[in-house]
Amino acid sequence: MGVVEHSEAELLAAVARRVIEPINAAQCAGLDRLLAGTSDPAVTELVEAVAGPLFDEMPPVTRAVPGHAGSS
């Protein structure tokens, strides 16, 4: 299997699709659920709705990309 070259823009777009978009969707869904129940949520509830998906939705790192930061 040969090495596939990717541009930096392609790699950043892939990161956005794989990591950032699911987190943003989960944040929006959490805020929607929270605001559906109350128009004046507590700060802790807001923080949980926004910060929780950062940890809940992060996909596991499966492999490093050679030649890019964080790869060995």
Side-chain angles (χ1 to χ4, degrees):
M1 186 168 183
V3 175
V4 177
E5 293 291 326
H6 294 284
S7 72
E8 188 172 334
E10 289 172 323
L11 290 172
L12 290 174
V15 168
R17 283 189 304 274
R18 176 107 164 89
V19 177
I20 298 169
E21 290 176 3
I23 291 171
N24 285 345
Q27 288 171 323
C28 290
L31 288 171
D32 287 345
R33 281 190 302 274
L34 181 61
L35 294 175
T38 179
S39 61
D40 189 24
V43 171
T44 55
E45 293 173 314
L46 289 169
V47 169
E48 182 179 344
V50 173
L54 293 173
F55 303 101
D56 297 340
E57 298 294 324
M58 287 291 289
V61 175
T62 55
R63 66 182 177 89
V65 177
H68 286 82
S71 62
S72 45

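The basis for the numbers below is simple: all heavy atoms, side chains too, and nothing from hydrogens, waters or symmetry mates. If you read the sequence from its start, that first residue is 1, and numbering goes on from there.
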Participant: Could you measure the distance from the CD1 atom of I20 to the CG atom of L12? Nearest 0.5 Å is fine.
Facilitator: 8.5 Å
Participant: Flag yes if V47 and V50 sit in one hydrophobic cluster, no otherwise; membership is Ile, Leu, Val, Met, Phe, Trp, Tyr, and two members link when side-chain heavy atoms are under 4.5 Å apart.
Facilitator: no
Participant: So, taking the atom named CG in L31 and the one named CD in E45, what distance separates them when rounded to the nearest 0.5 Å?
Facilitator: 11.0 Å
Participant: Taking atom CZ of R18 and atom CD1 of I23, what is their separation to the nearest 0.5 Å?
Facilitator: 11.0 Å
Participant: For A26 and P53, work out which heavy atoms get closest and say how close.
Facilitator: CB-CB, 3.6 Å
Participant: Please report the interatomic distance CG(L34) to OG(S39), rounded to the nearest 0.5 Å.
Facilitator: 10.5 Å
